[in-house]
Amino acid sequence: MSESLEQNTKELIEKNYGFLFEPELLEEIEKHGEIKSFSTGEIFIDLGQKITHMPLLLTGSVKVMREDPKGQELLLYFLERGDTCTMSLSCCMGNKVSDIRAIAEENTELVMIPVEKMDEWLRQYRSWRNYIFDSYQVRLNELMETLDSIAFMKMDERLKKYLNDRVKLLGSTTISATHQQIATDMNTSRVVVSRLLKQLEKKGEIKLGRNKIEVLDF
DNA sequence: ACATTAAGTGATT
DNA sequence: AATCACTTAATGT
């Protein structure tokens, strides 16, 4: 039984990271990594929590957000399979406390790597170094995108982007969320979201239902 | 049937 | 675009 689980683990890691890392590194990941799974809505990294492991996503997706001192939430970016949380990276290098919150968007599996391995692997494996640097770059770009979405885009454009992002991420045109949840993600008010969604529905771009939105046009 | 939660809307700032 | 106040609709008990 544990045999088949390990087999499964190995396959999962190889499927998602096999093309990135050399075999020796993959073996190390299998050896030291701990597989965890979370169901939709579970928070697995929270503000003020010490980071002891860094996550590598295998399946599912994750929402990463920040909270300002007033308790106002702000969505930073989404993670999908093959991604790692760059924010926790910087946290564990400095042995600091997390300043972000990570929530499972859907049922998600990931490998937790102990921080001690980070240093070692950075020195030892070129592919790991590249992966980390690439992650930084990808994340930085995404952050820039959300930044100028907030700074320069109007609400209706932001909402469209939000919907498209989630459709792409979930691989489904049906999003299940309340208007309130969406509003919180974009830190605006529910009323605004409801009105904009209604407009989009009138234009035939989406179809609304209770707790769900179907994206028709994109 | 009643309470609760989600969504829609006009008016105001 | 945000907030208020209120209505209507869908769901759970």
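A note on names: the letters A, B, ... follow the listed sequences, proteins ahead of strands, and every chain is numbered from 1.
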Problem - Annotated protein contacts, base or backbone, on nucleotides 2-8 of chain C with a non-hydrogen cut-off under 4.0 Å, one of B, S, - each - result: BBB----
Problem - Interface limits on DNA chain B, where chain A has a heavy atom under 4.0 Å of a nucleotide atom - result: B:dT5 to B:dA11
Can you list the residues that meet the side-chain contact (heavy atoms from CB on, under 4.5 Å) rule with [X], with sequence neighbours excluded?
{"X": "A:Thr52", "result": "none"}
{"X": "A:Gln199", "result": "A:Leu196"}
{"X": "A:Ser127", "result": "A:Phe21, A:Glu22, A:Leu25, A:Tyr125"}
{"X": "A:Glu145", "result": "A:Lys161"}

Problem - Results of side chain to side chain donor-acceptor pair (under 3.5 Å) for A:Ser61 - residues two or more places apart only - result: A:Glu106
Practice task
Tell me, please, which residues at least two apart from A:Thr184 pass side chain to side chain donor-acceptor pair (under 3.5 Å).
Solution key: A:Gln180
Handout entry: First of A:Asp156 and A:Arg210 reached from the 5' end of DNA chain C, by closest nucleotide
Key = A:Asp156
Fill in the blank from the handout: Students should find that the hydrophobic cluster of A:Ile43, defined by side-chain heavy atoms under 4.5 Å apart, otherwise consists of A:Met65, A:Ile103
Practice task
Check which hydrophobic residues are tied to A:Leu170 through side-chain heavy-atom contacts below 4.5 Å, counting indirect links as well, and list them.
Solution key: none
Completion exercise
Those residues at least two apart in sequence (or on a different chain) that pass salt bridge (charged side-chain N to carboxylate O under 4.0 Å, His left out) with A:Asp46 are A:Arg101
Fill in the blank from the handout: Here the residues of residues 178-186 of chain A within 4.0 Å heavy-atom distance, strictly under, of DNA chain C are none
Exercise for the section: On the 0 to 90° scale, with breaks at 30° and 60°, tag the A:Tyr17-A:Tyr131 ring pair as parallel, tilted or perpendicular. Expected result: perpendicular
